[in-house]
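Have a look at the structure below before the remarks.
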Amino acid sequence: MTSRPNGRPAPRTTARVVLACVFFGAGVLHLTVPGPFARITPHWVSDPALVVALTGIAELLGAAGLMFPRLRRAAGWALALYAVCVYPANIQHAVNFMMSGTGLGWAYHGPRLLLQPVIVWWCLWASTAIDWPFQQPQAAARVPPISMDRI
């Protein structure tokens with residue numbers, strides 16, 4: 001685990017561990033309690049039970065991959081792609097709520113739909129696949145700091 005000089009984990013390391021735990025938990029749920037996930041799978045998916053099982057396996061593999069430096073970037077890209085691919089199920093879940101009025105309300109669905117791009121970014125940033133928006137522009141990185149004794 002990457003640490004800062006004060007001994008605490010770096011923010012990116014913390015973000016990666018939290019993300020791995022979230023995907024691990026989701027993967028376990030997809031495999032042990034598939035029913036709710038199969039119900040929100042869009043109708044055009046031919047075998048919802050199989051897709052839910054495969055997504056659970058993908059989540060577990062992605063979570064594990066985040067913890068191995070050699071696999072980290074690939075896992076980040078895979079989990080980001082996964083988050084894009086499950087977005088139709090999130091939309092279907094919200095539509096089901098609007099049509100039936102039962103289940104989870106907009107306090108759940110609204111943020112879930114709006115935050116999906118943040119989850120995609122989180123997968124990429126925590127895995128070191130991208131540095132945006134924290135990377136310094138190249139020109140700024142080459143400029144030496146101003147020394148007060150030169151003024």
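Note that the structure is a prediction, hence the values are computed from the model and not measured. Heads up: numbering here begins at 1 and tracks the sequence.
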Distance-only donor-acceptor pairs under 3.5 Å for side chains of residues 39-50, two or more places apart:
{"from": "Thr41", "atom 1": "OG1", "to": "Phe37", "atom 2": "O", "distance (Å)": "2.9"}
{"from": "Thr41", "atom 1": "OG1", "to": "Ala38", "atom 2": "O", "distance (Å)": "3.4"}
{"from": "Asp47", "atom 1": "OD1", "to": "Leu50", "atom 2": "N", "distance (Å)": "3.4"}

TODO: Sequence neighbours left out, what passes side chain to side chain contact (heavy atoms under 4.5 Å, CB included) with Ala78? Give chain and number order.
DONE: none
Task: Pairs where residues 21-36 contributes a residue and the test side chain to side chain donor-acceptor pair (under 3.5 Å) is met, not counting sequence neighbours - done: His30-Glu59
Open item on the list: Between Val52 and Val22, is there shared hydrophobic-cluster membership here, with clusters defined by ILVMFWY side-chain heavy atoms closer than 4.5 Å?
Closed with: no
- [ ] Establish whether Phe24 and Leu66 are linked, either directly or via other cluster members, by ILVMFWY side-chain heavy-atom contacts under 4.5 Å.
- [x] no
- [ ] Please assess Phe23 against Cys123 for the test side-chain contact (heavy atoms from CB on, under 4.5 Å), listing each intermediate value before the final yes or no.
- [x] CA-CA 10 Å; Phe23 274 106; Cys123 292; 3.8 Å; yes
Open item on the list: Other members of the hydrophobic cluster containing Val118, with the 4.5 Å side-chain heavy-atom rule, please.
Closed with: Leu115
TODO: Sequence neighbours left out, what pairs pass salt bridge (charged side-chain N to carboxylate O under 4.0 Å, His left out) with at least one residue falling in residues 114-131?
DONE: Arg12-Asp131
Task: Where Ala75 and Gly65 come nearest, the two heavy atoms and their spacing - done: CB-C, 3.6 Å
Task: For Trp125, ring-ring contact (aromatic ring centres under 6.0 Å, His included) partners two or more places apart - done: Trp121, Phe134
- [ ] Only counting residues at least two apart or in another chain, list the ones meeting side chain to side chain contact (heavy atoms under 4.5 Å, CB included) with Leu61.
- [x] Ile57
Task: Steps toward side-chain contact (heavy atoms from CB on, under 4.5 Å) verdict (Leu60, Leu31) - done: CA-CA 10 Å; Leu60 292 174; Leu31 294 172; 3.4 Å; yes
Open item on the list: Considering only residues two or more places apart or on different chains, which pairs with a residue in residues 104-114 satisfy salt bridge (charged side-chain N to carboxylate O under 4.0 Å, His left out)?
Closed with: none
Task: Hydrophobic cluster identity match, Leu114 and Val95, side-chain contacts under 4.5 Å - done: no
Open item on the list: Counting only heavy atoms not in Tyr87 (residues, nucleotides, ligands), do more than 12 fall under 6.0 Å from its OH?
Closed with: yes
- [ ] For Ala126, enumerate each residue passing the side chain to side chain contact (heavy atoms under 4.5 Å, CB included) test, keeping only those at least two apart in sequence or located in another chain.
- [x] Ala15, Arg16, Leu19, Trp122
Task: Pairing residues for Thr14 by the side-chain hydrogen bond (donor to acceptor under 3.5 Å, both in side chains) criterion, not counting sequence neighbours - done: none
Open item on the list: Using a 3.5 Å distance criterion without hydrogens, assess whether the side chain of Arg72 forms a donor-acceptor pair with backbone atoms of Thr128.
Closed with: no
- [ ] Give the minimum heavy-atom separation between Ala63 and Leu79, together with the two atoms involved.
- [x] N-CD1, 4.3 Å
Task: Results of side chain to side chain contact (heavy atoms under 4.5 Å, CB included) for Val86 - residues two or more places apart only - done: Tyr82, Gln116
Open item on the list: Less than 4.5 Å apart, side chain to side chain, heavy atoms only: is that true for Trp106 and Leu113?
Closed with: yes
TODO: Please go through Ile119's hydrophobic cluster and name the other residues, only I, L, V, M, F, W, Y counting, with side-chain heavy atoms under 4.5 Å joining them.
DONE: none
- [ ] Would you kindly confirm whether Leu124 and Leu81 end up in one hydrophobic cluster when ILVMFWY residues are joined by side chain heavy atoms under 4.5 Å apart?
- [x] no
